[in-house]
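All chains are named by letter (A, B, ...) in the order of the sequence lines, taking the proteins before the strands, and each is independently numbered beginning at 1.
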Amino acid sequence: MAKESIKQIWNRMVFEDNQVLRSILGICSALAVTSVMSNSLVMGVGLTFTTALSSFTLSAMRNYIPHRIRMIVQTLVIAAYVILVDIVLKAALPEISKQLGPYVGLIITNCIIMGRAEAYAAQNPPIPSFFDGLFAGLGYTLVLMALSLIREILGFGSVFGFTILPESFVRWTIMVMPPAAFFLIGAFIWIMQARAIKKAEKSQGGGK
Amino acid sequence: MEFSTISPIVIFFASIATSNMILNNFLGMCSYIAISSEYKTATGLGKAVTLVIVVTNAINWVIYHLVIVPLKIEYMQYIIFIMVIAATVQIIEMAMDRFVPDLHVSLGIFLPLITVNCAILGSTLFMVIRHYGLLQAILFGIGSGLGWWMAICMLAAIRERMQRAKLPPGLAGAGITFIITGIMALAFVGFSGIFTIQ
């Protein structure tokens, strides 16, 4: 594989191959925690930390792990970092940690982390793997923030807990309930796919 | 340790209708989206998930209350739970191969996938957070599994009928799947208020 610059990795992981919207990975937590912005920010930071460091660690160990047991090693490394995130959250932000509930522990089974470890960190040196994981996490965080911005403004009339819409605005209760999360992510994916299709058509048309 | 006092029967029905794994808690979405284009495979996966959730819930409950809590190693729970799930899936697969080869042929391919299905770990973590007793934990597992199975079957049935529908090119695939799930979740909002277990 040709060597990629950090900027190329950024472009690839945040926009072109956004893990949530293009590869449809890590949807569970993306939908579950996005009813308020502060929760999604914390979740995004937690996931970015775990992905970046587990990609780094697994890439540094990649020549020493026997192929047959690599899945279990990956899971263990990821679980170790998730435990760190969980302990820090419980100590520093007990309120948010309680609201996130099982979803912090579920970072372990988040497909993004395993996906990056398998697809990138297994073949590349530690530093690019670190950035690959970091930017995959940032792309995830961006999607979460966009989703929760819409849901929190329309559902509670606030941003990060500060009320910005007047009392006369009728709150859309549906926005903080599960169905709206599905509709919104469906719409996001539609926009991203339509853009990708248009781009592909354009580059084909240019080649003729 | 104080256990929750909700009746196990209520937990069973609530985990199907009002706290459905997919439609309310968003767990197990990856395989739900990826493996729902055909009804037959969807039922196979649903059966396998139900089986594994029930077995791992029971084993994890015993391990949590007999090993983790007495030794005060709660911070290690994630690693222990995930190892238990991986080992259980392996053992179930081997036992199936030995005793019910027919079932192994139809479910076998799904079993390795299930280790990283978040519905399994999620159900264990819910059971711990909500302080369920053993019977409650098992019925919660059965209900969650059946709820997941039902949701993936409904989606697969709808997607099979939609194959010939004309969709905007960007919406086909994952986009429309989420919108269908949204409509299903909207219908399930109608159940809210019948039971509360959270």
Contact origin within [X] toward chain A - heavy atom pairs under 4.5 Å:
X      : answer
B:I82  : side chain
B:I179 : both
B:A172 : backbone
B:M83  : side chain
B:I180 : neither

Out of [options], which one racks up the most heavy-atom pairs below 4.5 Å with chain A?
options               : result
B:I22, B:I33, B:I79   : B:I79
B:C118, B:C30, B:G175 : B:C118
B:A34, B:A174, B:G182 : B:G182

Heavy atoms from other residues, nucleotides or ligands near CE of A:M177 exceed 12 (cutoff 6.0 Å):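 Count over threshold, so yes.
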
Any idea how [X] and [Y] line up, ring-wise: parallel (<30°), tilted (30 to 60°), or perpendicular (>60°)?
X      : Y      : result
A:F49  : A:Y81  : perpendicular
B:F191 : B:F188 : perpendicular
B:Y64  : B:F81  : tilted

Beyond-backbone contact of A:S59 with A:Y120, side-chain heavy atoms, under 4.5 angstrom: no

Options A:G186, A:P178, A:A30, ranked by heavy-atom pairs under 4.5 Å with chain B, top entry: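 Among the listed options, the one with the most contacts to chain B is A:P178.
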
Contact leader toward chain B among A:I191, A:L106, A:I189, where contacts are heavy-atom pairs under 4.5 Å: A:L106

Engaged part of [X] at the chain B interface, taking heavy atoms whose separation is under 4.5 Å:
X      : result
A:A181 : side chain
A:M114 : side chain
A:Y103 : side chain
A:I72  : side chain
A:L31  : both
A:I174 : side chain

A:N18 side chain vs A:V20 backbone, donor-acceptor pair below 3.5 Å: yes

A:N39 backbone acceptor or donor facing A:Q99 side chain under 3.5 Å: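 Answer holds: no.
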
Atom pair CE/CG of B:M127 and B:L134 - distance to nearest 0.5 Å: 9.0 Å

SB check B:R159 B:E38 (cutoff 4.0 Å): no

Check: B:Y132 ring centre within less than 6.0 Å of B:F126 ring centre: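 No: the rings miss the under 6.0 Å criterion.
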
